*Asks:* 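So that we are looking at the same thing, I have put the structure below in structure tokens.
This structure is a prediction, so every number in the text was calculated from the model and none was measured. In what follows, chains carry the letters A, B, and so on, assigned in the order in which the sequence lines appear, proteins first and then strands, with residues in each chain numbered from 1.
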Protein chains: 2
Amino acid sequence: MAEVRRTIDLLWFPDGEPEGKRRGRRPGLTVARVVEAGIALADAEGLEAVSMRRVAQELGVVPMTLYTYVPDKSALLDLMLDRLYLEMPRAEHPDRPWRERLAAVAGENRRLYTTHPWAATLPASRPPLGPGLMAKYEHELRAFDDCGLDDVTRDAALTFLIGFVQAAARSEADVRAAEARTGSTDFEWWQERGPVFELVFDQHRYPTATRVGAAAGSAMGAAYEPGHAYEFGLARVLDGLAALIGTAGSR
Amino acid sequence: MAEVRRTIDLLWFPDGEPEGKRRGRRPGLTVARVVEAGIALADAEGLEAVSMRRVAQELGVVPMTLYTYVPDKSALLDLMLDRLYLEMPRAEHPDRPWRERLAAVAGENRRLYTTHPWAATLPASRPPLGPGLMAKYEHELRAFDDCGLDDVTRDAALTFLIGFVQAAARSEADVRAAEARTGSTDFEWWQERGPVFELVFDQHRYPTATRVGAAAGSAMGAAYEPGHAYEFGLARVLDGLAALIGTAGSR
DNA sequence: GCGTATTGTGTACAACGTACAAGTAACAGC
DNA sequence: GCTGTTACTTGTACGTTGTACACAATACGC
């Protein structure tokens, strides 16, 4: 319970107690510096590089020192994520049609995950209840203004839209993580397995898979842009929401 | 390279070498038993309980023994997942309209993840190239027959549909994992934070968030069914694919 | 200078995947 | 039955993780 209070205070009051009359030894770091070191490390080497030991090392300090500034690792991750949310650009387009507004929201999230792929791999449940998330939530809900949706449906639609963007980003983060772990690209992974696979694979047993898999594989090999699944999916998502909003979305 | 061959052989030839004239000490286990122990453990206690030590313990054997049957842990996870795929029921409905066929495919995947939530948390890239995945892929592609989609689009549409179901299942798995880790439900988590949160939260600064969040929160507290986000999302996904398939999907 | 509050450090534990070397059981040929 | 070969089993060891706990260092109010 006091733990809850502690973390929420850290989120909302990044500067802590007012300066001046403080008793003991002077702190050598700040919460902000710890959070920034975590973000920088995650950006550079991925979330799995963010260990308490490694963050401490980046700050020239012994691991346990971090626990003076942050209750535990999960709180640090919360602070990192809310910080990203807080820094997202939030352009308002009240005069644009709803589809463009939703596409903009999706694009903002997409950009977040492109810049910080690790953010997509954090669980969406029990989010950081900080100023970043609140500003993001407020902003994104307003993109659904004048769509004729009741509040519960508005929230569900936003969750659906955001969830799609995060899922797409997770897939791409999975690919990158596997490439970093193994040192070989996805393309090399498939190329290495192709010959072995054909030895055990019966084309007549899986005719559709053979044909479609070959088409999809060569399309991917030829002019593959990694954002294709995202572009395709986003169009479907917006079409799906269009069927819900219908003509009620006047603008 | 030989490693690749080894894993693919394990996937496609579960019984290994033919019985009879074998030289050394008789194996006390089989690959199948190891895989089944892994699945049982993941079903019972979640994927994070599936350590080599723990699986070995379930089989009454020392951890390193498993490495005789399985190259490493990631191969074990591949075998576990392909086994699930292989056992999925695959009812064909060639005479049904396309929307029902896609809904059936989604439902089959949904049921997989309901029964084995840990399967949704495994990365979708670099999948297990075994008989289970191939049968699943073939079956699910055929649900798109007579939709008028070219092969590349058919694959993209299937990936989109399956990706949505997996993402929804991941969210629910995240919730369950958090509940198992902390010992308190999501509802309790929000209840505990509510009072603290209101101390720092400015309702006038986030009017839409306040109103919609309260509506969504009380709707969730009142008559919440956990599958709501899935049902809502699936309807949007199918509507989105409908806009793509249009009237070309004759049946 | 002294007590006290605060920050920084060192050590320790249990868990993880798995490399490596040694031990053990079962067969083939003699 | 004996021995050599092969395969399965085991014990030990390393480096990694988050963090509990006891203690050392520092700065302020008095």
Side-chain angles (χ1 to χ4, degrees), chain A residues 2-3 6-7 10 15-34 37-38 41-42 45-80 122 177-178 180-182, chain B residues 3 6-7 10 15-34 37-38 41-42 45-80 177-178 180-182:
Chain A
E3 194 69 17
R6 171 93 192 274
T7 303
L10 282 173
D15 300 323
E17 296 296 313
E19 296 284 336
K21 45 191 185 226
R22 306 232 311 301
R23 282 286 296 251
R25 184 172 176 171
R26 297 246 188 73
L29 299 173
T30 59
V31 177
R33 281 194 64 198
V34 175
L41 194 53
E45 304 182 31
L47 197 61
E48 67 284 353
V50 181
S51 67
M52 298 302 271
R53 282 173 169 82
R54 191 78 161 71
V55 173
Q57 184 188 324
E58 297 292 320
L59 293 166
V61 105
V62 102
M64 287 306 293
T65 300
L66 301 183
Y67 288 89
T68 308
Y69 299 92
V70 151
D72 55 22
K73 188 182 178 180
S74 78
L76 172 58
L77 295 177
D78 276 353
L79 289 166
M80 289 165 58
L122 292 172
R181 210 174 35 245
T182 64
Chain B
E3 194 69 20
R6 170 92 193 276
T7 303
L10 282 174
D15 300 325
E17 297 295 314
E19 296 283 338
K21 57 222 171 194
R22 306 228 313 299
R23 281 287 294 246
R25 182 170 176 173
R26 298 245 189 75
L29 299 174
T30 59
V31 177
R33 279 195 63 199
V34 175
L41 193 52
E45 304 181 31
L47 196 61
E48 67 284 351
V50 181
S51 67
M52 297 302 270
R53 283 171 165 85
R54 190 80 160 70
V55 173
Q57 183 187 323
E58 297 292 319
L59 293 166
V61 106
V62 103
M64 287 307 291
T65 301
L66 301 183
Y67 289 88
T68 310
Y69 299 93
V70 151
D72 53 22
K73 189 183 177 180
S74 78
L76 172 57
L77 294 177
D78 276 353
L79 289 165
M80 287 165 59
R181 212 175 33 246
T182 65

*Asks:* Figure out the CD/P separation between A:Gln57 and D:dG18, and round it to whole Å.
*Replies:*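 After rounding, the gap between these two atoms is 13 Å.
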*Asks:* Taking all atoms of both residues into account, what is the closest heavy-atom pair of A:Val55 and A:Gly38, and its distance?
*Replies:*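 Between these two residues, the closest heavy atoms are CG2-CA, 4.3 Å.
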*Asks:* What residues form a side-chain contact (heavy atoms from CB on, under 4.5 Å) with B:Thr30, not counting sequence neighbours?
*Replies:*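 So B:Thr30 forms a side-chain contact (heavy atoms from CB on, under 4.5 Å) with B:Ala32, B:Arg33.
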*Asks:* Could you go over nucleotides 24-26 of chain C and give all protein N or O partners under 3.5 Å, atom names and distances?
*Replies:*
residue: C:dT24; atom: O2; partner: B:Arg25; partner atom: NH1; Å: 3.4

*Asks:* Could you list the residues that satisfy side-chain contact (heavy atoms from CB on, under 4.5 Å) with A:Pro71, not counting sequence neighbours?
*Replies:*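 Here the qualifying residues are A:Glu3, A:Arg6, A:Thr7, A:Leu10, A:Ala75.
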*Asks:* In whole angstrom, give the distance that lies between atom CG of B:Leu59 and atom C1' of D:dC8.
*Replies:*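 After rounding, the reported distance stands at 15 Å.
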*Asks:* Could you tell me which non-hydrogen atom of B:Ser51 sits nearest to which non-hydrogen atom of B:Lys73, and how far apart they are?
*Replies:*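 Answer, listing the atom of B:Ser51 first, then B:Lys73: CA-NZ, 4.4 Å.
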*Asks:* What does the list of N/O pairs under 3.5 Å between the protein and nucleotides 15-18 of chain C look like, with a distance for each?
*Replies:*
residue: C:dC16; atom: OP1; partner: B:Ser51; partner atom: OG; Å: 2.9
residue: C:dG17; atom: OP1; partner: B:Met52; partner atom: N; Å: 3.4
residue: C:dG17; atom: OP1; partner: B:Lys73; partner atom: NZ; Å: 2.9
residue: C:dG17; atom: OP2; partner: B:Met52; partner atom: N; Å: 2.9
residue: C:dG17; atom: N7; partner: B:Arg53; partner atom: NH1; Å: 2.5
residue: C:dG17; atom: O6; partner: B:Arg53; partner atom: NH2; Å: 3.1
residue: C:dT18; atom: OP2; partner: B:Tyr67; partner atom: OH; Å: 2.9
residue: C:dT18; atom: OP2; partner: B:Lys73; partner atom: N; Å: 3.1
residue: C:dT18; atom: O5'; partner: B:Tyr67; partner atom: OH; Å: 3.4

*Asks:* With sequence neighbours excluded, tell me which residues meet side chain to side chain donor-acceptor pair (under 3.5 Å) with A:Arg54.
*Replies:*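 By the side chain to side chain donor-acceptor pair (under 3.5 Å) rule, A:Arg54 matches A:Glu45, A:Glu58.
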*Asks:* Tell me, please, which residues at least two apart from A:Ala177 pass side-chain contact (heavy atoms from CB on, under 4.5 Å).
*Replies:*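 Listed in chain order: A:Arg181.
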*Asks:* Round to the nearest Å and state the distance from B:Arg181 atom CZ to D:dT17 atom C1'.
*Replies:*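 Those two atoms, CZ and C1', are 15 Å apart.
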*Asks:* Would you give me the side-chain donor-acceptor pairs under 3.5 Å for residues 60-68 of chain B, sequence neighbours excluded?
*Replies:*
residue: B:Thr65; atom: OG1; partner: B:Val62; partner atom: O; Å: 3.2
residue: B:Thr68; atom: OG1; partner: B:Thr65; partner atom: O; Å: 3.1

*Asks:* Quick one: pull up CG in A:Leu41 and CD in A:Gln57 and give me the separation to the nearest 0.5 Å.
*Replies:*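 A:Leu41 CG to A:Gln57 CD: 9.0 Å, rounded to 0.5 Å.
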*Asks:* Take the protein atom OH of A:Tyr69 and the nucleotide atom P of C:dT6, then report the distance between them rounded to whole Å.
*Replies:*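 It works out to 13 Å between those atoms.
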*Asks:* A:Ser74: which residues meet the side-chain contact (heavy atoms from CB on, under 4.5 Å) condition with it, sequence neighbours left out?
*Replies:*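 By the side-chain contact (heavy atoms from CB on, under 4.5 Å) rule, A:Ser74 matches A:Asp72.
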*Asks:* Ignoring backbone atoms, establish whether A:Thr65 has a side-chain N or O less than 4.0 Å from OP1 or OP2 of C:dT9.
*Replies:*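 True: A:Thr65 side-chain N/O within range (under 4.0 Å) of C:dT9 OP1/OP2.
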*Asks:* Which atom pair, heavy atoms only, marks the closest approach of A:Gly28 to A:Tyr69?
*Replies:*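 Scanning both residues, the minimum pair turns out to be N-OH, 3.2 Å.
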*Asks:* Rounding to 10 degrees, work out the angle separating the end axes of the helix from C:dG1-D:dC30 to C:dC30-D:dG1 (five pairs an end).
*Replies:*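 Roughly 20°, once rounded to the nearest ten degrees.
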